[in-house]
Structures are given as structure tokens and as C-alpha cells.
Amino acid sequence: MSDKPDYKATLNMPQTEFPMKANLPTREPEQLKAWEAMDLYQTVQKATRGRKQFILHDGPPYANGDIHLGHALNKILKDIVVKYAVMAGYDSPYVPGWDTHGLPIELAALKSGKVDKNKVDPIELRKLCTETAQHWMATQRDQFKRLGVRGDWEHPYLTLQPEFEAKEIEVFAAMATQGHIYRGLKPVYWCAVDETALAEAEIEYADKTSFSIYVRFPVVDGKGKLPEQDTYMVIWTTTPWTMPANLAICLHPDVEYGLYATEKGNMVLAVALAKKVFEAVGLPEGELKATFTGKELEGVTYRHLLFDRVSPVILGDHVTVEDGTGAVHTAPGHGHEDFIVGQQYGIPPLNPVNEKGVFTEEAGPFAGMFYEKANPVIIEALEQAGMLLAHGKVRHSYAHCWRCKNPVIYRATVQWFAKVEGFMDTAMKAIDEVQFIPEWGHSRIHNMIEGLADWCISRQRSWGVPIPILTCETCNEPSFDEAVFERVANIVRKEGTDAWWTRPASDFFPEGGLVCKHCGGRHFKKEKDILDVWFDSGSSHAGVLETRPELNWPADLYLEGSDQHRGWFKSSLLTSVVARDGKPPYKAVLTHGFLVDEKGRKMSKSEGNVVDPLKVIQQYGADILRLWVASTDYRSDVAVSENIIKQVAEAYRKIRNTVRYLLGNLSDFNPVTEAVSKDDMLEIDRWAMHKLQEVVERVNKAYADYDFHLVYHTINNYCSVDLSAIYLDVLKDRLYTSGKNSVERRSAQTVLYAVADSLVRMLAPILSFTAEEAYGYLPKPADAPATSQLLSMPKVDRAFVNEKLGEQWAKLLEVRTAVQAVLEKARADKHIGSSQEAQVNLYVTGGPEGGLADLLQAHLSDLPGIFIVSDVHLFAGGQAAPSGTYYGQGPDDLSVEVVRATGEKCERCWNYREVGVIEAHPTLCERCAGVVLSANFEE
RNA sequence: GCGAGGGUAGCUCAGUCGGCUAGAGCACUCGGCUGAUAACCGAGAGGUCCCGGGUUCGAAUCCCGGCCCUCGCACCA
């Protein structure tokens, strides 16, 4: 031994290669490669085969564009659920999917310029669409993988896969053969310039100047309420060209209508609007002769003078008294509400406008005119017929085609529908079996289905699954022949849906040909429309759960944003209850909210508050994004901003450092051979084990309840308070200065190992990268799995649950807090610096048996360690009160005094003690000298 | 307009059979340590529990009425 012994070298300082700096953006991709190399997904699947299943069925995102934060939120939540399920003992396969058909992809393909929009062959276009969809699917797949999401990425499901399409056709067939599919007229947005129907998504609103006309219709049958001479219903409209299609006038049942005598006859209009209307038509306000509710006027009829047609007055809740006359011109062929209310009264839509926007013969004198050009002509005709009260111009918001920017019209066209009425009750009954999380999801979807109109499932496009209907060329009646559907499904299963376009209709005939049930015709044509993409994704429960051997129908869980109550949850439910015997496709539905910024505003490019997940990954790492997801209560809206991400990154560092410190103190610990049994543990270590059980219990419950933010907060608090600020701080002296193999040190390490091991497990579903990294540094038994993701969740070890111990230590920690307050006073005056420079005197008057005095007395030898001071003196039984400069009150009647510690600073443990008791080590306290001596002896 | 959900420190969240002075972590400020060191420990400051009524001895919590935000629907004749 040299003259200047290096006592620091005799300490057991933490040692670990686990880096403090996470450097996630570079480390994570390496981890991903390692997972790829070990085929993580299949490895987990193999290891969990045969267990009880928990199937989360992935809702397919639309394969169009890079992922945004909403995607990331959704996929990370799913990943947490699935990883927890596996760790909780289930076989939980995860097959991700994509929605690959539909308009946005078709438009993107058209926009690519590789095909001529006006003369493109459907097959050519569909090929291009396939490429577009595949491209984005691959892009998104890589981005999802980068998030650390574990799934069967090599075998995802796509709605364009033949097997999926065949199943979808079978679902359609089931609906059709049960009589739930029909063909009908429905007004859709129509661009007369592009000559195509437009989806809602292709509409944009812009200001437009329109005509504004007031029109009167003479009453024919007043139903005993209205006079039939010189009496008129008065309406207002901004679209004169829809007058030829007028088939009704709609009133609100509860609005008050007045019969006004004017110089132009008796007029019926809403009382609330009378003043405005008379002003607008330039008449003195008429004399109010009688009033009626709308309801009382139902069934009154009036004459359309341009077409000599008698039509009814009907009722509708959509009527308001904000504009117009309170009596709404109703043309079921040209308006959505008009169509619906018309349906209720059995008034079929009249559409005298062709696909070019030109009036047909049905429009009589206006036939051949472009609808917009007809406006002034019609106004003139109304004037001639004595119907026009006034005309002017108005500027208002109006729907335009997003591609050609021209105003669009509503136009009734032939569409295919699912008759929801036929299975609405079944659907509502089915959801009673479903668990909704949060619970309000049930009423939300219930209300939605209750008010559901028929589902328009046809689209006049090429990129999708065809409606597999053959129509008789002779009588134009559709065939619902089961054998045809079966044939289509079988061919599609082999060749994909291109076959519908490439093969002749006769290829889909059953053996022996097809005969029209109505006219006996033998020639059929193929339906040209395709199915709504919601029908695609709505069939995924059949197309995926029933076709993959590792999955099963129904799913245990669907997990999507709350907008999917109206979307995927609904469409899946509707197809399922029809095609699968009234059963819902899911046992539980979990929803998350939407992304907003710190102020609660939705994310939008124009607001500049959009957070890009790819950038967050680049800057902070996927684990930060994952931790952010876990930190939020996702059931309501989820706030995110640069600032919030930064804060999560801070919390991450705390957790990481805690884990690092644990690992550092376990570098020389073998949990198999060196663990200390419970009975040999120090009391504070048993208390730490007790606290760990509490945390494990709370975390398990939080996971099971999908309360991931409680997992986050529990672990965060645990790391900061119980571990870092209390237990680990107290432990330092013992870990560093005790003999390497002493029971004191091994006892602490036994706890630290349990804590580190549990933390890795509890964190694995959330901080998948970091948990895996830490797992690599954790001492492990020989049979430990190759990945942290195959560990089980820690279970509460009842042997360590000790409520009494918990209470006692809660009290001791209260005393500790009081001591720290007094230490702080002494420190503020520079009386002490390190707390080890202090001695603490505790004054307490005995109190009841088992009271504070007893508690302190029993733990007297532990107290210096707990307070991290050099000495503690206890004065129980009413001895002298504190007389020093630094004192304060503790719990009960405890007084705390801080004085400078006596003795000298031990060079090794820095406590103030009597040093030099053992001559060989004149600067060490007796304990340290002993440790050093026996260490030398061992060597 | 209708339906659903939400509003507690700067941030993320606890807190309901109504009950101590509304809590935690982080961030912030100040201090300590220098044997977890781009760490660690301590202390402090920080709140009109969205607003206004009501019930009650007592309301973040229950009731009524507003405001704001989010999702969905409807409307824009």
C-alpha cells in the first residue's frame, strides 16, 4: 500500500456502458436492424403460439401520402396494446392493413400524367392506381416500422388483394341475396363541365353570384284552411333552373305561417319573415288574415303554371326562417334535403338535366338549354305565367368542382343502395354486446345508426371493387343470382377484380347460362359502377380475420379515432350484421381523440401548428413520440406542440438516468446466485420492495384499463420520487462504501435488480427501443428470452406487500422531509454544505406506545442513513427542547434540530466520525477501515 | 342548428357517495453537492379548478344557464 492510499478506488462506484445520452435518432435504426435480423414479429408469434388469443384488428389507413401525427398516435396506441397483451400472456398477432382503392388514389394516378384522362382504358388506369397505392403503402410501412411498431409488415393486408376482394364480393352477395341491395335514383354532386359525379371530398365552397327570385304558386286545394281563389304559396330560390323540377313546397311543421291579403292576391308565408319578404318583393305589408302552423297546411296542393302540374305542400324539419319565405321550393332531383323529404312522401326525384347540364325533353320548353343559360329564360317564363314576384341577385357560398372550379349542380342519377332499414334494428341490437371504451361510444354509434338513411354504395369510378351485378339487356332488370356472385368471387379470388373489366359478362354466368327472371332474356351487361371504399374497409373483418390462419373472427378490439364511429366502425358493423348473422365484428371498440395544439386548436397547415412525426423522430427519436402518446389521456383530444414534445423528452431523460443508475449498481451482481432472501434484507430494502409492488399493481391495472397515461405518470413519479429522491439517494452510502459482497450491499442490489427488471418490463410496450437497450445491459438468467418483448409483465409479489411497513416508512419519510427543511435553513446560512456535515437531534415526548418516539427509537441506527447525515440523536420523553440556531417542527410533537457533526470527515465515506481507530487507516472511520482491510484480505 | 366529448398551475395529469390550507411530476427561480456529473439532492414561487347563478353548514365535485375547443351530422332553398 502506498503512502497516499487511493480510497476512492475501494468504493463500489456504479459502472455501466449504458449511455447517459440516448442518441435515439441513430441508435433506433440500429435496433430496428437487429429486430429485423432476429425476425422479431415471427419470433414473438412462435413463442406465444397456443396461448389464448387477443386480436386487435388494424383499421386500414388510406395509402396516400406520408404518415401524419394522427397515424403515429393511432399506430403507437395499437402497438402498446398488442405488446402489453403479449406480455400479459396472450397470443396477439398484429396484421397491419391499408385501404388502397378509391378516389384520391385514382386522382393521384390521373394527375401523374402517365395516362390521358379523357380516353384512358380502365385496366390501364387501374394498373397505375395499383402502382400508386403500392408505392404509398411501402412508404407508410417503413414509417410505421420506424416508430417501433411490431407487426407482420412483410404480409400486410391490402384491400386490393384478390383474396380480400373476393371476400368483399361475398359480403356484397350476402347483402344482395338477402334483399338489402337495390337500385334507385339519388341526387349527387355533378360537374357538368367534367361530366362526372363528384364525391363530397371533391367539392369546395366559394362565393358565387346567383339569381334570387320570389315565386308564387296558386293554391288548388286549400284543405279547408286556405281559400282557393287568388291564393298563393310563396317561395324563394337562388336556382331558377331548378323550377322545372319543382314537385313540392316544404314547410316546417311548427313554424307559424300567415295568410296575407295583398294587392297581388292572398299570400302564404312564414309570419317571422313576412316583413322581409314584402320589402323584397316591393309590396306594402299585407293584412294578416289568419295563421296556421306548418303542420296544419300539410296536404294543401298548388299548381305549377309552367308545367300544369299539381303538387303538394309537405313538411320537413330542415326548413328555417332565416332566409326566404319559410316555404321551401322542393325539387327532389336537385337537392339532398329535397330528395330525402321527397322520399318520405313518396315523391320520386325528377331530373330533367342530362350529364352535360343540358335540359332534356322533360323540361318542356327549356329542353336543349344549358342549365345556367336557362336561368334568365325561366325567369322570363315565370314572369309571363304570373308567378314571379321579384328577382334580383345574391352573393353566397356555393359548391364548386375542385378540379375545374366551375359551380356544380345536384343531379339525380341511378345509384346502388344498401337498404339500411332492413337491418337497422339488428345492428342496434348487435352493439349492445360490444364494450365501448369510453362508454359513450355506444350511444354515439347507436344514435348514428338510428337515424341512418340508405347507404349509397356505388361510385362512378374505375378504381375499386366492381358491383358484381349483371343487368338484363332486354328489360334492364338486375340479376341477384347467387350462382353469379359465387362465380364472380371465385374468378376474382384467382385473377383479381380486373377480371370484371377484361372478361365478357357471359364468363360470370352460372353453368347452363343465365336467364332473366323478369323477361326471360339471356343477354346481360356488367354493372359499371364500383363499390364505395367504405364497403371495402367495412368488409375487412371478413377479408382479413377470416382469411388469415393466425387470426379469428370476430376481433377482440378495434382501436381508431372517434371519427370512425361514423366511418369504419359503422360500415364494418353494417356488413357484419347482414353477412354474419346479426353479429358485430368486434367485441370491444376503443377510440382516441384528435390532435390539437397547446391552445386546443386543431392542427392545420394554415395555422402553422402541425407537428410532423417524421421530424420528431429525426430530432428526438421514436421513443419520445411513443412516450408522448403514453403521456396523454388520448380519450379526449390530444395536445401536441414543440414545447410538449420537449417536456416529454425531459421526462424521458429522468427515466433513462434512473435506469442507467440501476444498471450501474448491478454490474457486479448475479441475480441467480447473489440475491438476498426477503428475511435477510434490510428493512428499508423490504420497504422498497413493498413500494415496487404498489407500482407494479397500479401499472398493470392501468395497462389493462388502457390508461396508458397513468402508466406514464406512475412510472415517472416512481422514478423521480420513490427512487431517485429517496431510495437511491439513501442507498448511495451503503452501495458505495459497504463491502462488495456484504449482505448490506447484496440486499440493496437484490432490490435494485427487481426494480430494474420490473421497469424494463413495464416500459417495454411504451419505450420499446429503450427497454430493449436496457435489457441488453441487465444481468439475466441463462434462460432469459432474446428480447424484452417476450418478457412477461411483472406480477405483484404478495410476499413483499406489507402495509404496516409502508405506513411506518411513510411516517419516517415525513420526518425526513422535516429534517431536510431544517438542513436547508442551515445550508442557507452556509452553516453546512453537504448534509453529511450535519448531526440531527430529534426531540419527542414519548407519546403512546407504538407512537412516533417508539418508531424513531426502533429505527435509530437507520436514521443517519435515511437523512443522509452523519449522526442522529434522539431525545424521547420530554428532555431539553432544541436550543441551537437551526430547528423546526416535524410531524406530531417532534422537534428537529440541526448542528454541525462532531468528529472528522472520514476520507472514504465522507461521514463525520471518529477516525483512526484502526491504526493502519488513520483517516478512515472504523467501518471503512474494516471494509478496506477485509477487501485487502480477500485479495 | 343537432348529437357526442372536453375545459383543474407554463406543460402533462391526479383529485366525485360534496368535507382538512386543491395535489404530483416536469418546466421555472434560488441554493447545495462535485463519488449518477450535459447528472444528482434540497427549497421556493406558481391556481378566479372556463364564466354566471342555484342547492348545501360546506361545491373542482351536484343542478340550471352561458362561453370556448374538438369530433360527427345537418344546413348554405
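FYI, side chains are in, hydrogens and waters are out, and symmetry mates aren't considered; it's all heavy atoms of this structure. Remember, predicted model here, so these are calculated numbers, not experimental data. Just so we're on the same page: letters track the sequence lines, and every chain starts at 1.
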Between [X] ([atom1]) and [N] ([atom2]), how many Å, whole number?
X	N	atom1	atom2	value
E598(A)	A9(B)	CD	C1'	14 Å
H709(A)	C11(B)	NE2	C1'	15 Å
N665(A)	C40(B)	CG	P	14 Å
D338(A)	C76(B)	CG	C1'	12 Å
I340(A)	C75(B)	CD1	C1'	12 Å
R635(A)	U12(B)	CZ	C1'	16 Å
I715(A)	A14(B)	CD1	P	16 Å
K599(A)	C69(B)	NZ	P	13 Å

Considering every strand shown, what is the Watson-Crick or G-U wobble mate of [N] when both distances are under 3.5 Å?
N	answer
C57(B)	G19(B)
A43(B)	U29(B)
U12(B)	A24(B)
U34(B)	none
G65(B)	C51(B)
A4(B)	U70(B)

Considering only the [atom1] atoms, how many Å lie between [N] and [M], rounded to the nearest integer?
N	M	atom1	result
G19(B)	G47(B)	P	23 Å
C63(B)	A27(B)	C1'	38 Å
G7(B)	C50(B)	P	8 Å
U37(B)	G72(B)	P	50 Å
C64(B)	C69(B)	C1'	22 Å
U70(B)	G32(B)	C1'	46 Å
U61(B)	U16(B)	C1'	5 Å
A45(B)	G3(B)	C1'	44 Å

Any donor-acceptor N or O pair under 3.5 Å, side chains [X], [Y]:
X	Y	value
H329(A)	T242(A)	yes
Q15(A)	D668(A)	no
T770(A)	Y652(A)	yes
D829(A)	Y886(A)	yes

R734(A) side-chain N/O to G35(B) phosphate OP1/OP2 under 4.0 Å:
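So the side-chain polar atoms of R734(A) never come under 4.0 Å of the phosphate oxygens OP1 or OP2 of G35(B).
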
Looking at K8(A), does any N or O in its side chain come under 4.0 Å of the phosphate oxygens OP1/OP2 on G35(B)?
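Indeed, a polar side-chain atom of K8(A) lies that close.
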
Give me, pair by pair, the N or O atoms of the protein and of nucleotides 70-74 of chain B that are less than 3.5 Å apart, along with how far apart they are.
from   : atom 1 : to      : atom 2 : distance (Å)
U70(B) : OP1    : K602(A) : N      : 3.4
U70(B) : O4'    : D637(A) : OD2    : 3.1
U70(B) : O2'    : D637(A) : OD1    : 3.0
U70(B) : O2'    : D637(A) : OD2    : 3.2
C71(B) : O2'    : R444(A) : NH2    : 3.2
C71(B) : O2     : R444(A) : NH2    : 3.4
G72(B) : O4'    : R444(A) : NH2    : 3.1
A74(B) : O3'    : E337(A) : OE2    : 2.8

With sequence neighbours excluded, residues passing ring pair (Phe, Tyr, Trp, His ring centres under 6.0 Å) with Y712(A)
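For Y712(A) there are no ring pair (Phe, Tyr, Trp, His ring centres under 6.0 Å) partners, ignoring immediate neighbours.
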
For T737(A) and R816(A), take the nucleotide of RNA chain B holding the closest heavy atom to each; which residue's nucleotide lies nearer the 5' end?
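That would be T737(A).
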
Residue closer to the 5' end of RNA chain B, T817(A) versus A327(A) (nearest nucleotide)
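Result: T817(A).
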
Pick base, sugar-phosphate or nothing for [X], based on heavy-atom distances below 4.0 Å to the nucleic acid.
X	result
N657(A)	base
S724(A)	base
R908(A)	base
E907(A)	base
A639(A)	sugar-phosphate
L11(A)	base

If you apply the rule salt bridge (charged side-chain N to carboxylate O under 4.0 Å, His left out), what do you find for D707(A) with R635(A), and how did you get there?
CA-CA 9 Å; D707(A) 282 328; R635(A) 282 153 209 211; 3.1 Å; yes

I'd like to know if the side chain of D597(A) and the backbone of S641(A) have a donor-acceptor N/O pair within less than 3.5 Å.
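Between the backbone of S641(A) and the side chain of D597(A) there is no qualifying donor-acceptor contact (under 3.5 Å).
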
Where the side chain of H442(A) meets the backbone of E439(A), is there a donor-acceptor pair that is under 3.5 Å apart?
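No; zero donor-acceptor contacts below 3.5 Å.
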
Quick one: what's the B/S/- string for nucleotides 23-33 of chain B, heavy-atom cutoff under 4.0 Å, read 5' to 3'?
-SBSS---SSS

Which of parallel (below 30°), tilted (30 to 60°) and perpendicular (above 60°) describes H304(A) and F217(A)?
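H304(A) vs F217(A) ring planes: perpendicular.
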
Among [options], which is the nearest nucleotide to the side chain of [X]?
X	options	value
S636(A)	U37(B), G5(B), C11(B)	G5(B)
W440(A)	A4(B), A43(B), A36(B)	A4(B)
M13(A)	A14(B), U34(B), G35(B)	G35(B)

Holding to side chain to side chain donor-acceptor pair (under 3.5 Å), I want the full list of residues that pass it with [X], two or more places apart in sequence or in another chain.
X	value
S835(A)	none
T817(A)	none
Y777(A)	none

Six-ring centre of F18(A), R656(A) cation under 6.0 angstrom, axis tolerance 45°
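Checked: cation-pi criterion met.
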
